[in-house]
Amino acid sequence: MKFNYDVLVIGGGHAGCEAACASANMGAKTCLVTMDMNKIAQMSCNPAVGGIAKGQIVREIDALGGQMGLVTDATSIQFRMLNVGKGPAMWSPRAQCDRGKFIWEWRRHLDETERLDVWQDQADELLVEEQTKQAIGVRTIWGAELYAKCVIVTAGTFLNGLMHIGRKMVPGGRIAEPAVAHFTESITRLGVTSARMKTGTPVRIDKRSVHFEDMEIQPGESKPYQFSYMNKARALKQLPCWTVNTNAEVHEVLRSGLADSPLYNGQILSIGPRYCPSIETKLVTFPDRDKHPLFLEPEGEDTNEMYLNGFSSSLPMDVQIEALKKMPAFRDIKVYRPGYAIEYDFFDPTQLNHSLESKIIKNLFMAGQVNGTTGYEEAGGQGTMAGINAALKAGAESESQFTPFILHRDEAYIGVLIDDLVTKGVDEPYRMFTSRAEYRILLRQDDADARLTEKAYNLGLAKSDRFDWWKEKKEHIEEIESFCQNFAIKPRLINSALEALGTTPLQFGCKLVDLVNRPQLNLSNLSEIIPQLKEVLNRPNNRKEEIAEAAEIRMKYSGYIERERVVAEKMHRLENIKIRGHFNYEELQGLSTECRQKLMKIQPETLAQASRIPGVSPSDINVLLVLMGR
């Protein structure tokens, strides 16, 4: 049986779902191939979305017209804004979700997406036109042949997946789900290189066996924060999380099992995530620490299953459970299943263009963990971009008419993520942090719609309701800013109120914006003493707090924002200098040997991209600039 599509997406995880929706919403006839329609966008590890820098990516996906923010808001059972004690460039939203409802909410979004078919099956072989090295579809294990103009691979941890608990090894892409055995080889035989990575997940606990009186409660936010700019209110009951620490007895039991740990007995040779280490890795890396924090988090609104964040492990199951029982809160612990590790194939992302299309196999796009990343958010961001570019290429009449949609490093964390992958590659599972972005003051969680929604609307991905809401929001923000810049403040009318708010009284009159810029003051407390401001802030709409926050950040940090924008514009000059195809790097003796090797491998598009490649020095860039001048 044969089927024909514009875009074919392999894998129904977070990258695949975003890719399929983006492609179909841009008008491409799309098919999503998934092994199990009942586990769409399964949250394999922590049922949480967002976090440091990851929350900004979710906001960007939403601003582009993606689904992750909408689904998260609809299924959130706890919301927190992290890093609020720091500057707004560091604020990062995070939500704990109901795992089961998350799947079915995603399923609803897929079902309601026009031009999107879902085929439940397992991809077995990538079909390629051998003469042109062009992907044309896949063959499944049941013999179905699905053909398409573009293919997007988002296979997660399933490619030759191998799970570990102690010395026991079982093939699988996720607990109780089969591995995909041959698909990697159908790609690597064409010259694409692959390697192995490792990740893991913690024990799942029955909350009825937990002594919560021996733990510290961690409530969520009372403020009405959300991920999507389009949602109106949280739907589910908000639940707390809980914190507890390990102790010396726990560590002693865990150390007794290290000889049987796949990480230390030679069973696992691949590299795991540096920033989400297993509990046994923490003990070996930090031998002097007498305790490590753990976070017990609910898996859903109506389930007894709980997730022990910080206790990822592949130790034998009896060691894991015995160690847990050494903590007073878990002395009577019952578990649903132990933690486990999983090894899987990924493909070297330096073999991709910034569009996420393969440099080696035309019309083949890749997104998510197959590119060496970790995290739902990084996967969703890549999936969105791969879906956009696959749809654009499928709709182009020829290769020359395809203009990829690329986000630069000063436009989105998604742009930083993809540029890092294709320029630097990975030697461990890649996780996004605010520190990876040199323009993070420009890439705040509050302004993703300002950066991206108009771009998405012009692409046809963001629809008119989203664009109209952004225009209304933008108008209100500018109205607030204009009012504050022009409203005159007289000392005699406000000084007593300023002293009550803990700030210095005025000597002379000033504009309201000067008061907004004081650290002790904000639009909220100023509106209580300036009725005219309150009237401006209370303009009727659904998201008054969000709008006021965005306007306040723009005023308080205007100097920093403008300074960073100037720096970014200077870098754009290097982005405009195209170098791909201009040089035979092997013959350029003015460059260092390492530089020549890296440039030959990666073939950067621009001088700016070349400058970010590890091993390419500023003097090498100067040599290229001189040669370009010639």
Side-chain angles (χ1 to χ4, degrees), residues 133 153 159 184-185 187-198 269-274 345-362 364-367 369-374 378 382 404 406 408-409 415-433 435-438 571-630:
K133 266 199 173 181
V153 175
L159 299 182
T184 297
E185 291 70 25
I187 295 174
T188 56
R189 68 181 176 83
L190 297 163
V192 177
T193 59
S194 69
R196 300 282 279 173
M197 278 187 177
K198 167 261 173 189
L269 300 177
S270 49
I271 300 169
R274 178 196 305 264
D345 294 340
F346 77 99
F347 303 101
D348 180 0
T350 63
Q351 299 172 107
L352 301 174
N353 295 310
H354 278 77
S355 63
L356 295 179
E357 183 183 8
S358 171
K359 295 175 181 177
I360 298 169
I361 304 173
K362 291 181 181 178
L364 174 65
F365 294 77
M366 295 186 178
Q369 283 181 280
V370 293
N371 288 341
T373 62
T374 180
E378 290 88 343
Q382 292 173 72
I406 294 169
H408 297 292
R409 296 180 72 91
V416 175
L417 164 66
I418 293 174
D419 186 64
D420 279 353
L421 292 176
V422 305
T423 301
K424 301 175 183 178
V426 292
D427 55 11
E428 62 185 53
Y430 181 100
R431 180 177 181 175
M432 181 53 71
F433 291 102
S435 58
R436 296 192 191 273
E438 58 270 53
M571 181 54 71
H572 272 300
R573 295 171 197 167
L574 292 183
E575 296 284 4
N576 292 329
I577 302 177
K578 305 288 185 182
I579 62 172
R580 189 170 185 178
H582 284 278
F583 299 111
N584 181 349
Y585 297 114
E586 203 167 8
E587 297 176 354
L588 300 183
Q589 298 305 310
L591 302 177
S592 69
T593 301
E594 182 183 7
C595 173
R596 290 200 304 273
Q597 291 172 345
K598 293 289 181 68
L599 292 174
M600 283 189 292
K601 177 186 177 185
I602 296 172
Q603 293 292 323
E605 290 286 342
T606 68
L607 204 57
Q609 185 190 351
S611 72
R612 294 190 290 272
I613 298 173
V616 177
S617 69
S619 62
D620 293 322
I621 297 299
N622 286 334
V623 170
L624 293 174
L625 271 170
V626 170
L627 292 172
M628 289 297 290
R630 290 181 187 172

Enquirer: Could you tell me whether R436 sits above the aromatic face of Y430, with NZ or CZ closer than 6.0 angstrom to the six-membered ring centre and within 45 degrees of the axis?
Expert: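 That pair qualifies as a cation-pi contact.
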
Enquirer: Using distance alone, with no hydrogens and no angle criterion, decide if T184 and D345 have a side-chain donor and acceptor under 3.5 Å apart.
Expert: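 There is such a pair between these side chains.
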
Enquirer: Tell me whether K598 contacts the main-chain N or O of P614 through its side chain, where contact means a donor paired with an acceptor under 3.5 Å.
Expert: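 Judged by distance alone, yes, a pair lies under 3.5 Å.
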
Enquirer: Taking only residues two or more places apart in sequence, or in another chain, which ones meet K601 in a salt bridge (Lys or Arg N to Asp or Glu O under 4.0 Å)?
Expert: D348

Enquirer: Does any non-hydrogen side-chain atom of T350 lie less than 4.5 Å from one of V422?
Expert: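 Side chain of V422 against side chain of T350, heavy atoms only: no contact under 4.5 Å found.
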
Enquirer: Which residues pass the ring pair (Phe, Tyr, Trp, His ring centres under 6.0 Å) test with H572, not counting sequence neighbours?
Expert: H408

Enquirer: Got Q609 and D419 here, is their nearest side-chain heavy-atom distance under 4.5 Å?
Expert: yes

Enquirer: With a 4.5 Å cut-off on side-chain heavy atoms, are L352 and E357 touching?
Expert: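 Contact flag for E357/L352 side chains = no.
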
Enquirer: Out of D620, I621, T423, which residue meets the side-chain contact (heavy atoms from CB on, under 4.5 Å) rule with I613?
Expert: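 Checked D620, I621, T423 against I613; only one passes side-chain contact (heavy atoms from CB on, under 4.5 Å): T423.
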
Enquirer: Start with the C-alpha gap between V616 and L591, add the side-chain angles, then the distance that decides, and say whether side chain to side chain contact (heavy atoms under 4.5 Å, CB included) holds.
Expert: CA-CA 9 Å; V616 177; L591 302 177; over 6 Å; no

Enquirer: What pairs with H354 under ring pair (Phe, Tyr, Trp, His ring centres under 6.0 Å), at least two apart in sequence or on another chain?
Expert: none

Enquirer: Check step by step if side chain to side chain contact (heavy atoms under 4.5 Å, CB included) holds for L574 and I577.
Expert: CA-CA 5 Å; L574 292 183; I577 302 177; 4.2 Å; yes

Enquirer: Taking the side chain as C-beta and beyond, is there a heavy-atom pair between E428 and P273 under 4.5 Å?
Expert: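 No - every pair of side-chain heavy atoms lies 4.5 Å or more apart.
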
Enquirer: Rounded to the nearest 0.5 Å, what separates atom CZ in R196 from atom CD1 in I271?
Expert: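 Interatomic distance, R196 CZ to I271 CD1, rounded to 0.5 Å: 13.0 Å.
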
Enquirer: Going by distance alone, is a donor N or O of one side chain under 3.5 Å from an acceptor N or O of the other, for Q351 and T193?
Expert: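 Result is yes, a qualifying pair exists.
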
Enquirer: Testing the 3.5 Å rule here: is there a donor-acceptor pair between the side chains of R580 and N353?
Expert: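 Indeed, the side chains of R580 and N353 share at least one donor-acceptor pair under 3.5 Å.
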
Enquirer: Do you know which two heavy atoms are closest between R409 and E438, and how far apart they sit?
Expert: NE-OE2, 2.9 Å

Enquirer: Exactly one of L421, T373, N371 should register a side-chain contact (heavy atoms from CB on, under 4.5 Å) with E378. Which one does?
Expert: T373

